[in-house]
Amino acid sequence: MGAMAEGFETIRYETDGAVATITMNRPDVANAQDSRLIDEIDAAFDLADADDAVRVVILAGEGKHFSSGHDLKALVSGDGDDPWVALRDTPEGKFHHEKTMYFERCLRIHDFRKPTIAAVQGSCVAAGLMLAAMCDLIVAADDAVFSNPVLRLTGAGVELLVEPWEIGIRKAKEFLFTGDTIDAQEAWRLGLVNRVVPRDELTAKVRELADRVALVPPVTAQTVKDTINHTADLMGKRDALKYHFMAHHWVHNSATALDALAARKAKGSMRAVMAERDKGVTEPGT
Ligand code: ZN
């Protein structure tokens, strides 16, 4: 019998045998990541870290979609009582917010000592892809669709530019410049995901894989995970991610991005701003 942790509002945290499952639980907004969700994922990883019975962690999303990315509605409107959002009025505050809540929180998952598996269905967009890519393995449902349309929205990607590491240099450029989507089969071909499974078997197949990984003694699983991550770091991964994060912030504070943000506030949506700016050009992902 598994156990469910109390006290979470935007996720579920369950343990069953050697496997802990963190499920983002904001299906009404396609698991858009607001500060509470990000905090609760982090707290759930604390629980998984502290629990010696847990050998593998699954990160999943409730509902039709894995994650639509950051909760831009909360960020742009400034509504609500999120102190992080209030900080974003200055470049300093924006940097501090994104470094703490996006950059460091993501790397914490990347560096988490126990093996992790993302279970991805439906849309996996921008920061949703960034989050999935922090996990060691990704299993995609056959309806999974990956995209990062942020460049045309006047953002320099998201905070961690995972694409060069996940799909290769040339494909990363095409993916980011066009905003085109990658379906589950293409994601598998590119090496972005380990396996593609039927949508209705996603939960069972991910659990099956987690149970296989859980057979590896923790000391060997954790040591080899660390070595592989260190190999990527020696290839420049961590420095490249850091470089991009700084560059990403310069663009956040560029005149072009600030103008786009003002236009978005005036017109109500970035889609409306783009429709006027990019007359006649197909929207990304359509
Ligand atoms: Zn940002």
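As the structure lists them, so they are numbered: ligands from 1, and atoms in each ligand from 1.
The OE2 atom of Glu159, the Zn ion (ligand 1) and the NE2 atom of His252 define an angle of 170° (nearest 10 degrees).
Between the Zn ion (ligand 1) and the N, O or S atoms of Glu98, the shortest distance is to OE1.
One side chain, His252 or Glu98, offers a donor N or O that lies under 3.5 Å from an acceptor on the other.
Using a 4.0 Å cut-off between charged nitrogen and carboxylate oxygen, Glu276 and Lys267 count as a salt-bridge pair. Ionic pairing of Glu163 and Lys171 is not present here: no N-O contact between side-chain nitrogen and carboxylate oxygen is shorter than 4.0 angstrom. A salt bridge is absent between Asp143 and Lys64; no separation between the charged side-chain nitrogens and carboxylate oxygens falls under 4.0 Å.
Note on His70: not counted as a metal contact of the Zn ion (ligand 1), no N/O/S atom lying under 2.8 Å.
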